[in-house]
Amino acid sequence: MGKAFGAVAGVGAVASLVAMKKTWDPLPSVKAAGFTTLDMTIYPEGELITEKWRGKPIFVLKKTAAMIAKQTESQKARDIVVGDSHFMIAIGLCTHLGCIPAYIPADESFLCACHGGMFNWAGEVTKVPPPRAFDIPPFKIEGTSLVLGEVGPEFQAMKDSGITL
Amino acid sequence: MAHFTKATSVKDWLNQRLAIEKVEKVMASEYWIPKNINFLWAMGMVLAITFALLLVSGIFLLMYYQPDVKDAFYSVNFTIMRDVDYGWLWRHVHGVAASVVFLIIYIHMFTGIYYGSYKKGREMIWVSGMLLFVTFSAEAFSGYMLPWGQMSYWAGMVITNIFSLGGLHLDGLVEWIRGDYVPAQAFLTRFFMLHVLLLPLAIMGLIGLHFAALRIPHVNNQDGEEVDFDAEAKKYLAGDKAGSKVIRFANDFMSKDLMVVGFFLIFFFYLVFFQYGFALDPVNFDPADGLKTPAHIYPEWYFLWSYEILRPFSVNIGLLAFGFAQVIFVLLPWLDRSPNAVPASRRGAFSVWFWLLLIDMIVLTAMGKLPPEGMFSTIGLVAAVAFILLWVALPFITMNEKKV
Ligand code: HEM
Ligand code: FES
């Protein structure tokens, strides 16, 4: 008797928990609103421009000739080439806890005010606590435009080699 | 069925149905309180009163607040602050009380630690108290989201990101908590629900548990003396009020409690009318902007010490240290291995431990407010490591304590 009661109550409890969990999930409308197209010909060299995708800031930095010349192997792997321009494109949220780091053009680096993390112009960490370089949003190159939210072969390659999450 | 007789008075009528005389004895006139205590024992009552102030001011704010990302900021900063008559009063009372309640909680906690009031049958008081601390923290955080200013948004972003648990990358969990990729409408409405319904309900239940846990062991006293409450109560009831070590909770002890509450309220309303600024962060007077982080993010003062434990380390170690700091206080009754439940001043090494912990937490609080650069980073790191070492050392320090 006790067991039967327990079983019925248990099923009910699990079912309610599932319903409660699902109610807290992001709504379909939130999930669907997800693509942004950027015209990559308009960006000035060496200046950080912030775009918006899924409510998040997206950093776009068109690299200067000097930056391209001094790129290391690991920096080259994060480089996004559209036409003959080179870009640093990343989700502009600190990989530590999500503040927006500020770009300091004089140092060509980013400083996160929240817990003091730092990144260089290529998006790599130069001072902890951030655990990894800036995340790169899913992108697809279409001529001289870039579609954020869609997975193109260049992004897939970066993901496979573990350059971004 | 029980036997009921024709009532001789309203009191008798109620007494037959609700046993009000018995309840009154158990909760008030024969709830015995030791005489040998000081004003620090009134902090519990001060907390109860402050919670009442939060509840009442909250109800009035709720009548004009709009939990909508487009309107929330204006409903607070324009409607409530400027249009509603005395709206500013409720907001100042609510903000100041939310800040001061933590000051009193910390005093209350450290009083408990100093006098050993978490031992010898008082463990459940301690545990329920720590649960109150955790729920109060969640209540304060969820309330901080509601004005939807810059600090609300970015505190919401940073704190919910903690749930990705660093190297575990639980981004799905973070998105589930928010109901979106970033804090947005779903986030605001659910934290609104938590702040005005679920968490206050939990707090009221926990206050009930906290009081119930205190009823059987009774409150401790300044010397950690084990009072024989039955014997002392007999003495008192036999007429030897001066010789007995106890007095009635109501009205006798309560009148003392309320005197301290009176002084507290004078101080409290002084803050509300003349010094409310400390409870309202200037950065939060800018509306939330997901594309701009304020130059310097810090939590309210009462979270600074644990925030500073998170900050100086790399992400995973920082989270472990932070998690440690959140739960370790609950385990105090078991980490303290000494049988002595007496004031810290008579416990040798433990006394040193007590003052070091207090000073360390003050240093952490100060460093948490300063920008994480140079010297401050270093002091913060040392204080964070010291906090962990102090707790690791506690069982060893107290194991060898002499029985007093
Ligand atoms: C809003 C939150 C709280 C309320 C309303 C509250 C209320 C009270 C009251 C009325 C008392 C009896 C009077 C006194 O000794 O001060 C008490 C005792 C106590 N509380 Fe709390 N409390 C709260 C939070 C806490 C917290 C966070 C802790 C720490 C973990 C705590 C630990 C204790 C202990 C150890 C005692 C026993 C003191 C003794 O026996 O001498 N309480 N509380
Ligand atoms: S969020 Fe950038 S360092 Fe913590």
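Residue numbers start from 1 in every chain, and the chains themselves are labelled A, B, ... in the order their sequence lines are given, proteins ahead of strands.
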Can you tell me which portion of [X] sits under 4.5 Å from chain A's heavy atoms? Options are side chain, backbone, both or neither.
{"X": "B:Tyr181", "value": "both"}
{"X": "B:Arg190", "value": "side chain"}
{"X": "B:Phe187", "value": "neither"}
{"X": "B:Trp176", "value": "both"}

Seminar exercise, completed: Filtered by a 4.5 Å non-hydrogen cutoff, the part of residues 100-123 of chain A contacting chain B is A:Ile100, A:Ala113, A:Cys114, A:His115, A:Gly116
For this session: Under 4.5 Å, heavy atom to heavy atom: which of residues 69-96 of chain A reach chain B? Give them by number, or say none.
Result: A:Leu93, A:His96
Does atom [atom1] ([X]) have a neighbourhood of more than 12 heavy atoms from anything else shown, all under 6.0 Å?
{"X": "A:Lys52", "atom1": "NZ", "result": "no"}
{"X": "B:Tyr74", "atom1": "OH", "result": "no"}
{"X": "A:Lys21", "atom1": "NZ", "result": "yes"}
{"X": "B:Phe163", "atom1": "CZ", "result": "no"}

Problem set entry | CG-CG distance between A:Asp25 and B:Asp180, expressed to the nearest 0.5 angstrom | 12.0 Å
Of all heavy-atom pairs between [X] and [Y], which one has the smallest distance, and what is that distance?
{"X": "A:Pro57", "Y": "B:Gly290", "value": "CD-O, 4.0 Å"}
{"X": "A:Pro26", "Y": "B:Glu175", "value": "CG-O, 3.8 Å"}
{"X": "B:Tyr153", "Y": "A:Gly55", "value": "OH-O, 4.4 Å"}
{"X": "B:Met157", "Y": "A:Gly98", "value": "CG-O, 3.5 Å"}
{"X": "B:Leu194", "Y": "A:Trp24", "value": "CD1-CH2, 4.4 Å"}

For this session: Return the option, out of B:Ile162, B:Asp171, B:Leu291, with the maximum number of heavy-atom pairs under 4.5 Å with chain A.
Result: B:Leu291
Exercise. At a heavy-atom separation under 4.5 Å, does A:Thr23 approach chain B through its side chain, its backbone, both, or neither?
Worked result: backbone
